[in-house]
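Shown next, in structure tokens, is the structure this report addresses.
Worth saying up front: this structure is predicted, and the values here are computed from it rather than measured. Position 1 is the first residue of the sequence; numbering continues from there.
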Amino acid sequence: MTSVARQEVLGLYRRIFRIAKKWQSASGQMEDTIKEKQYIINEAKTLFQKNKDLTDPELIKQCIEECKARVEIGLHYHIPYPRPIHLPPLGLAPQRGRTFRNQEKLRKLSKPAYLRSYDEVS
């Protein structure tokens, strides 16, 4: 990892923890705020730990872009959890056959940048 990428990653990591420290839930309930703060911290630790050994500059760049997107979406919508993706047309195909395989392929292709690592960790 280049020193520039390392600085950017560490900056994002610190930014996420600062956001978690100041986070207030949209509902205003203290229990919700605590849960959401804990989710932000756990998600950041898990994903950064999972990706700490990456060496490919393209993969590192993708992870940085995903992180930035998730931070911005979370701040904009004031929800720390990833926003769900919408199923492509005819997304509820039967669980077998060619149509199902095609829908699986479409779902993988339509997954936004901010959800790439979500299924791998959850």
Nearest 0.5 Å, please: how far is OG1 in Thr2 from CD1 in Ile60? 7.0 Å
Examine Tyr39 and Tyr77 and state if one hydrophobic cluster contains both, with Ile, Leu, Val, Met, Phe, Trp and Tyr joined whenever side-chain heavy atoms are less than 4.5 Å apart. yes
Over all atoms of both residues, closest heavy-atom pair of Lys21 and Lys37: O-NZ, 3.3 Å
Test log, rule side-chain contact (heavy atoms from CB on, under 4.5 Å), inputs Tyr81 and Ile73: CA-CA 9 Å; Tyr81 310 108; Ile73 289 170; over 6 Å; no
Test side-chain contact (heavy atoms from CB on, under 4.5 Å) on Arg70 and Leu47; report intermediate values, then the result. CA-CA 12 Å; Arg70 287 185 70 173; Leu47 289 175; 3.4 Å; yes
Nonpolar side-chain network containing Met30, other nodes, edges under 4.5 Å: Ile34
Any heavy-atom pair between the side chains of Glu8 and Lys68 that's under 4.5 Å? yes
Mind checking whether Tyr13 and Phe48 have parallel, tilted or perpendicular rings, split at 30° and 60°? perpendicular
Residue pair Gln29, Lys35: steps toward the side-chain contact (heavy atoms from CB on, under 4.5 Å) verdict: CA-CA 10 Å; Gln29 299 291 324; Lys35 284 180 191 176; over 6 Å; no
Would a hydrophobic clustering, with Ile, Leu, Val, Met, Phe, Trp and Tyr connected at side-chain separations under 4.5 Å, put Phe17 with Ile19? yes
Gap separating the NZ atom of Lys50 from the SG atom of Cys63, nearest 0.5 angstrom: 6.0 Å
Under a 3.5 Å distance rule, please check whether Thr33 uses its side chain to pair with a backbone N or O of Ser25 as donor and acceptor. yes
Gap separating the NZ atom of Lys61 from the CG atom of Asp56, nearest 0.5 angstrom: 11.5 Å
Here the gap from Thr46 atom OG1 to Ile41 atom CD1, rounded to the nearest 0.5 Å, amounts to 11.5 Å
Ile64-Leu10 co-clustered via ILVMFWY side chain contacts under 4.5 Å: no
